[in-house]
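Report on the structure given below.
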Amino acid sequence: MAGAFRSRPDGPNSSVAALFFDLDNTLIETRKADSLACRKLAEELNKEYGVPQDCSNKITASFLKQFRKCPDNVTLSLDSWRTSLWNKALGENYSYLAKQTYERWLYLRYYCLALTPETIAMLRQLKSKYRLGLITNGPSNAQWEKVHKLSLQQYFDIILVSGDLPWEKPSAQIFEEACRYLNVHPENCIMVGDKLETDIQGGIEAGLAGTVWIPLGDSRLTADDPKPNYTIKQVTDLVRLLNKGPDAHEYEDSSSNASDGM
């Protein structure tokens with residue numbers, strides 16, 4: 001398969017110096033993990049506190065909806081904000097369970113969010129060859145909590161959270177900031193992420209060597225969508241894609257005309 005990353009004549013990826021990763025739904029399956037944590041918690045509310053199953057399902061669904069809508073509140077600590085969301089979701093009958101419900105949810109959330117052994121092995125392997133950056137949009141406190149609880153600092157040479165900065169993806173400036181810190185040129189970097197409108201569009205606008213898309217669902221592109229260079233099913237596929245090994249034909253070359261809108 002012909003490579004779609006811009007490169008020098010001496011090798012398909014010889015000019016790639018750095019890899020930038022998105023966090024949520026790229027390195028960690030945030031939406032899937034949050035849903036799973038709430039399902040487990042609904043079962044525990046039923047078994048341990050006698051909350052009727054249909055009621056516990058509604059409680060956790062209500063919390064998750066509000067949490068996704070507003071994961072942080074600048075006027076409150078993360079603990080206080082989330083406890084207040086649980087207090088509201090639990091309603092008058094069960095609001096007395098808000099503190100322990102929040103604490104149990106937090107444990108379950110990070111149990112479900114933990115990096116897989118395969119992802120850890122991938123990051124360690126890539127770190128021996130490339131400089132690695134984590135570039136994530138989101139509130140500072142909420143995103144840094146993930147970074148710390150999942151011990152992500154050990155894998156990355158730079159971590160940028162949009163909540164700490166004047167820009168967020170797809171602004172080219174956030175990618176340029178990562179490049180400046182790592183002392184690399186944009187044309188020597190690749191962006192990997194799940195969102196076309198932020199990760200892929202941002203990588204394109206920043207003039208990166210290429211972009212790799214990991215769609216949450218349907219991988220078909222419309223004529224108006226930003227065009228990633230490649231589409232892969234899971235983040236751990238990245239190693240073989242970069243190595244262009246014998247299995248490289250498995251990956252969709254999204255830069256080809258044949259894949260536009262398909």
Within a radius of less than 6.0 Å around CD of Glu92, do more than 12 heavy atoms belonging to other residues, nucleotides or ligands occur?
no
Here the pair of heavy atoms bringing Thr26 nearest to Val235 is O-CB, 3.6 Å
Co-membership, hydrophobic cluster, residues Leu76 and Trp144, 4.5 Å side-chain:
yes
As an exercise, state the distance from CG of Asp24 to CG of Asp194, rounded to the nearest 0.5 Å.
8.0 Å
Quick check: do Thr136 and Leu160 have side-chain heavy atoms less than 4.5 Å from each other?
no
Establish, from distance only, whether the side-chain atoms of Asp72 and Gln143 form a donor-acceptor pair under 3.5 Å.
no
Which atoms form the tightest heavy-atom contact between Leu64 and Cys38, and what is the distance?
CB-SG, 4.1 Å
Can you confirm whether the side chains of Ser84 and Asn87 place a donor and an acceptor under 3.5 Å from each other?
no
Decide side chain to side chain contact (heavy atoms under 4.5 Å, CB included) for Gln234 and Glu118; before the verdict, give the C-alpha distance in whole Å, the side-chain angles of both, and the deciding distance to 0.1 Å.
CA-CA 11 Å; Gln234 55 193 13; Glu118 294 79 12; over 6 Å; no
Rounded to the nearest 0.5 Å, how far does OH of Tyr110 lie from NE2 of His148?
10.5 Å
Within a reach of under 6.0 Å around CG of Asn183, are more than 12 heavy atoms found that belong to other residues, nucleotides or ligands?
no
Option passing side chain to side chain contact (heavy atoms under 4.5 Å, CB included) with Pro215 (candidates Leu221, Asn25, Thr231):
Thr231
Min side-chain heavy-atom separation Glu197-Lys169 under 4.5 Å:
no
Lys/Arg N to Asp/Glu carboxylate O, Glu103 vs Lys99, below 4.0 Å
yes
Under 4.0 Å between a side-chain nitrogen and a carboxylate oxygen: does that hold for Glu177 and Arg180?
yes
Using only atom types and a distance under 3.5 Å, with no angle test, would you say the side chain of Gln154 pairs donor to acceptor with the backbone of Ser151?
yes
Could you check whether any side-chain heavy atom of Leu90 comes within less than 4.5 Å of a side-chain heavy atom of Val51, counting everything from C-beta outward?
no
Salt bridge or not between Lys195 and Asp22? Use side-chain N to carboxylate O under 4.0 Å.
no
Kindly indicate, with the supporting measurements, whether the criterion side chain to side chain contact (heavy atoms under 4.5 Å, CB included) is fulfilled by Phe175 and Cys189.
CA-CA 9 Å; Phe175 297 95; Cys189 304; over 6 Å; no
Heavy-atom pair of closest approach, residues Gly138 and Ser162:
N-OG, 2.9 Å
Minimum-distance pair of heavy atoms, taken over all atoms of Ile135 and Ala178:
CD1-CB, 4.0 Å
Keeping the roles fixed (side chain from Thr60, backbone from Ser56), state whether a donor-acceptor pair exists under 3.5 Å.
yes
Kindly indicate whether the side chain of Leu238, heavy atoms from C-beta on, has any atom under 4.5 Å from the side chain of Phe21.
yes
Begin from the C-alpha positions of Tyr130 and Leu132 and carry the test side chain to side chain contact (heavy atoms under 4.5 Å, CB included) through to its verdict.
CA-CA 6 Å; Tyr130 308 97; Leu132 301 186; 4.2 Å; yes
Residues Asp237 and Arg240 bridged, charged N to O under 4.0 Å
yes
Connected via hydrophobic side-chain network under 4.5 Å: Leu115 and Tyr107
yes
Transitive ILVMFWY side-chain link Tyr111 to Ile28, under 4.5 Å:
yes
Answer yes or no: is there a donor N or O on one side and an acceptor on the other, between the side chain of Lys40 and the main chain of Leu108, under 3.5 Å?
no
Indicate whether the side chain of Gln201 and that of Glu205 have a donor and an acceptor atom separated by less than 3.5 Å.
yes
Is a donor from one side chain sitting under 3.5 angstrom from an acceptor on the other, for Trp213 and Asn229?
no
Can you tell me if Arg31 has over 12 outside heavy atoms packed within less than 6.0 Å of its CZ?
no
Could you check whether Thr83 and Ser80, counting side-chain N and O atoms only, form a donor-acceptor pair closer than 3.5 Å?
no
Indicate the atoms forming the closest heavy-atom contact of Ser128 with Gln125, along with that distance.
OG-O, 2.6 Å
Heavy-atom donor-acceptor pair, Arg109 side chain to Asp34 backbone, under 3.5 Å:
no
From His185 NE2 over to Cys179 SG, what is the distance, rounded to the nearest 0.5 angstrom?
9.5 Å
How long is the straight-line distance from CG of Leu196 back to CG of Asp199, given to the nearest 0.5 Å?
8.5 Å
Side chains of Thr75 and Asn73 only: does a donor on one sit below 3.5 Å from an acceptor on the other?
yes
So, for Trp86 and Tyr102, is the gap between ring centers shorter than 6.0 Å?
no
Applying a strict under-4.5 Å side-chain criterion to I, L, V, M, F, W and Y, I'd like to know whether Leu85 and Leu78 cluster together.
no
Which atoms form the tightest heavy-atom contact between Arg220 and Asp225, and what is the distance?
O-OD2, 4.3 Å
Between Ser35 and Lys32 (side chain of the first, backbone of the second, donor and acceptor by atom type, cut-off under 3.5 Å), is there such a pair?
no
Any donor-acceptor N or O pair under 3.5 Å, side chains Glu44, Tyr49
no
Pairwise distance CG(Leu134) to CG(Leu19) - rounded to 0.5 angstrom
12.0 Å
Is the OH atom of Tyr96 crowded by more than 12 outside heavy atoms at less than 6.0 Å?
yes
Determine whether Leu106 and Arg82 satisfy the following criterion, side chain to side chain contact (heavy atoms under 4.5 Å, CB included), listing intermediate values before the conclusion.
CA-CA 9 Å; Leu106 190 63; Arg82 292 164 175 173; 3.5 Å; yes
State whether a side-chain donor-acceptor pair under 3.5 Å links Asn57 with Gln53.
yes
Give, for atom CG of Leu208 and atom CD1 of Ile204, the distance between the pair rounded to the nearest 0.5 Å.
9.0 Å
Hey, are the side chains of Leu123 and Phe156 touching, using non-hydrogen atoms and a 4.5 Å cut-off?
yes
For the pair Asp157 and Lys127, find out whether any cationic side-chain nitrogen is under 4.0 Å from an anionic carboxylate oxygen.
yes
Group every Ile, Leu, Val, Met, Phe, Trp and Tyr by side-chain heavy-atom contacts under 4.5 Å, then state whether Leu36 and Leu150 land in the same group.
no
Trp81 vs Phe67, ring pair (Phe, Tyr, Trp, His ring centres under 6.0 Å): CA-CA, chis, key distance, verdict:
CA-CA 9 Å; Trp81 174 241; Phe67 174 71; 9.4 Å; no
